[in-house]
Amino acid sequence: MRATVRQTARATVQLVVSAAMTFGSYIFVTVLLITAILTATVVGAFMLPETVLLIRRIAGAKRQQAGGWTGRKIPEAYQPLTGTVRERLRTAVRDPGTLTDFRWMVAYYAYGTLPVLMLPLWPLGLVVDGVWCGLLRRRAVVLPLISKLADLDAHWSTVLLKPSPKARLAVRVEELTQTRAGAIAAHEAELRRIERDLHDGTQARLVSLSMRIGLAKRAYDQDPAAARRMLDDAQTLAEEALTDLRHVVRAIHPPILTDRGLVGAVRALAASSALAVTVTVDGLTDGHDGPRAPAAVEAAAYFVVAESLTNAAKYSGADRADVHLARARTGLRVRVRDEGRGGADEAGGSGLLGMRRRVAALDGGVTVTSPVGGPTVIEVELPCVW
């Protein structure tokens with residue numbers, strides 16, 4: 001009986017909050033009528049986007065309340081109301097989420113009265129279930145009906161507030177547009193970096209190499225010893241230019257990924273890091289044994305690990321880090337953790353923004369947890385088919 005009363009009390013709180021929202025929605029009818037009249041006369045058309053934003057907030061509060069009761073989050077799918085008044089008005093009218101919210105609000109005027117039904121159930125339940133459970137030791141039959149009312153309210157809200165396929169598609173298109181723009185920006189930044197490295201490093205060394213060889217050819221007949229020294233310098237410059245080229249190529253697509261696979265490449269990164277790095281692997285194999293993720297996914301994962309370890313060595317103050325690679329059913333997961341000072345900020349130029357753009361280009365996600373005082377944990381999920 002006590003457990004039943006506790007559950008009923010929770011359901012009562014849920015229904016009371018729902019009743020308060022219903023009362024607020026009844027008051028909101030006045031705002032809707034005013035907006036409809038002014039929009040019809042064109043004079044108050046600017047009020048429509050603001051009214052739609054208010055409806056979104058009310059619907060969002062109901063989503064949060066219903067999701068808290070059922071334990072399943074109800075997603076949102078809205079197009080942003082930005083731009084000029086005309087653009088905002090067009091978006092507010094054409095957004096499928098507007099129709100979904102309006103349909104829910106109309107239905108909520110009816111089923112929002114469910115909390116009224118619990119008023120007679122409490123006194124009746126205390127009497128009937130008190131005797132039924134206390135004397136006859138049977139299961140309560142009246143008070144659980146209050147919980148069923150809360151379940152019904154949450155179920156109807158979930159069904160009505162769930163985004164339509166058209167709304168989810170519109171949001172997905174918007175997300176892909178943003179990730180495409182981010183991928184293009186990251187690609188352009190990478191091209192500029194490669195061009196800068198080639199121009200400032202390799203090209204300068206090759207020009208100097210050409211000049212040394214030319215001077216050595218002129219001095220060969222008159223001063224063979226000086227010519228030999230110049231050739232030695234030219235050989236050194238050639239080796240340095242080759243080293244620069246290897247760095248540039250490694251930044252584009254590390255050859256070690258092709259030769260040793262992701263696990264071997266990450267272990268090589270860990271061995272060359274300034275930190276003591278522990279690498280753990282779940283479901284992946286070294287080299288070419290077993291299935292491998294697509295090359296673009298492996299390159300992104302390698303970049304994430306390399307950038308994370310570089311940031312940890314430069315900024316965290318930690319002396320060790322942990323890298324975890326896991327094969328999931330939906331793709332590849334990477335987690336890098338360090339016990340440093342924390343406080344990582346994407347706006348601080350730490351490379352997190354570039355990492356996020358590279359992962360977003362593959363439709364992946366990045367989660368950065370870095371409270372002040374540490375630890376810093378970077379988790380990346382890259383979807384792919386194995």
Report yes if some heavy atom in the side chain of Met355 is under 4.5 Å from a heavy atom in the side chain of Ser308; otherwise report no. yes
Sort out for me which residue in Arg63, Lys62, Arg57 forms a salt bridge (Lys or Arg N to Asp or Glu O under 4.0 Å) with Asp101. Arg63
Check whether Thr12 reaches the backbone of Thr8 with its side chain - one donor and one acceptor, N or O, closer than 3.5 Å. yes
Restricting to non-hydrogen atoms, name the atom on Leu262 and the atom on Leu332 that form the minimum distance, rounded to 0.1 Å. CD2-CD2, 3.6 Å
Is there a side-chain contact between Val323 and Leu309 in this structure, where contact means two heavy atoms from C-beta onward sitting under 4.5 Å apart? yes
Does any non-hydrogen side-chain atom of Leu215 lie less than 4.5 Å from one of Ile213? no
So, Thr113 side chain and Tyr109 main chain: donor-acceptor pair closer than 3.5 Å or not? no
Is it true that Thr82 and Arg88 share a donor-acceptor pair across their side chains at a distance under 3.5 Å? no
Please give me the minimum heavy-atom distance between Pro115 and Gly112, naming the atom from each residue. CD-O, 3.0 Å
For residues Thr369 and Pro371, determine if any side-chain heavy atom of one lies less than 4.5 Å from a side-chain heavy atom of the other. yes
So if you build clusters from Ile, Leu, Val, Met, Phe, Trp, Tyr with side-chain heavy-atom gaps below 4.5 Å, do Val16 and Leu117 land together? yes
Would you say the side-chain atoms of Thr91 and Tyr78 include a donor-acceptor pair closer than 3.5 Å? no
Common cluster, Leu124/Ile146, ILVMFWY with side-chain heavy-atom separation under 4.5 Å: yes
Apply side-chain hydrogen bond (donor to acceptor under 3.5 Å, both in side chains) to Trp104 and list each qualifying residue two or more places apart in sequence or on a separate chain. Tyr111
Under 3.5 Å, is there a donor on one side chain and an acceptor on the other for Trp69 and Asp151? yes
Nearest non-hydrogen partners of Ala11 and Ala150, listed with the distance: CB-CB, 4.0 Å
Transitive ILVMFWY side-chain link Leu99 to Leu89, under 4.5 Å: no
Quick one, Phe303 with Val359, criterion side chain to side chain contact (heavy atoms under 4.5 Å, CB included). Give me CA distance, side-chain angles, the key distance, then yes/no. CA-CA 10 Å; Phe303 173 81; Val359 172; over 6 Å; no
For a quick test of reading the model, state the closest non-hydrogen atom pair linking Asp338 to Ser316 and the distance between them. OD1-CB, 3.5 Å
What one should report as the nearest heavy-atom pair of Leu48 and Val93 is CD2-CG2, 3.7 Å
Would you compute the distance between atom CG of Asp233 and atom CE of Met211 and round it to the nearest 0.5 angstrom? 12.5 Å
Yes or no on salt bridge (charged side-chain N to carboxylate O under 4.0 Å, His left out) for Glu307 and Arg358, after CA distance, side-chain angles and deciding distance? CA-CA 12 Å; Glu307 189 68 27; Arg358 184 180 288 244; over 6 Å; no
Let's go through Leu149 and Leu121 carefully: what are the C-alpha distance in whole Å and the side-chain angles of both, what is the deciding distance for side chain to side chain contact (heavy atoms under 4.5 Å, CB included) to 0.1 Å, and is it a yes or a no? CA-CA 11 Å; Leu149 288 175; Leu121 291 178; 4.0 Å; yes
Minimum heavy-atom distance Ile74-Gly67, with the two atoms named: CD1-N, 4.4 Å
Measure the shortest side-chain to side-chain distance between His324 and Thr278 over non-hydrogen atoms and say whether it is less than 4.5 angstrom. no
Please list, chain by chain and in numerical order, all residues satisfying salt bridge (charged side-chain N to carboxylate O under 4.0 Å, His left out) with Arg56, sequence neighbours excluded. Asp95
ILVMFWY cluster, Val377 and Leu275 together (side-chain gap under 4.5 Å): no
Is it true that Glu381 and Thr330 share a donor-acceptor pair across their side chains at a distance under 3.5 Å? yes
Answer yes if Tyr26 and Leu15 sit in the same cluster of Ile, Leu, Val, Met, Phe, Trp and Tyr residues linked by side chain heavy atoms under 4.5 Å apart, and no otherwise. yes
Considering residues, nucleotides and ligands other than Gln64, do more than 12 of their heavy atoms fall under 6.0 Å from its CD? no
Taking C-beta and beyond as the side chain, do Val281 and Arg267 meet within less than 4.5 Å on heavy atoms? yes
Ion pair Arg292/Glu298, N-O distance below 4.0 Å: yes
List the steps and the verdict of side-chain hydrogen bond (donor to acceptor under 3.5 Å, both in side chains) for Thr310 and Tyr315. CA-CA 9 Å; Thr310 300; Tyr315 308 115; over 6 Å; no
Answer yes or no: is there a donor N or O on one side and an acceptor on the other, between the side chain of Gln7 and the main chain of Pro144, under 3.5 Å? no
OG1-CZ distance between Thr367 and Arg335, expressed to the nearest 0.5 angstrom: 12.0 Å
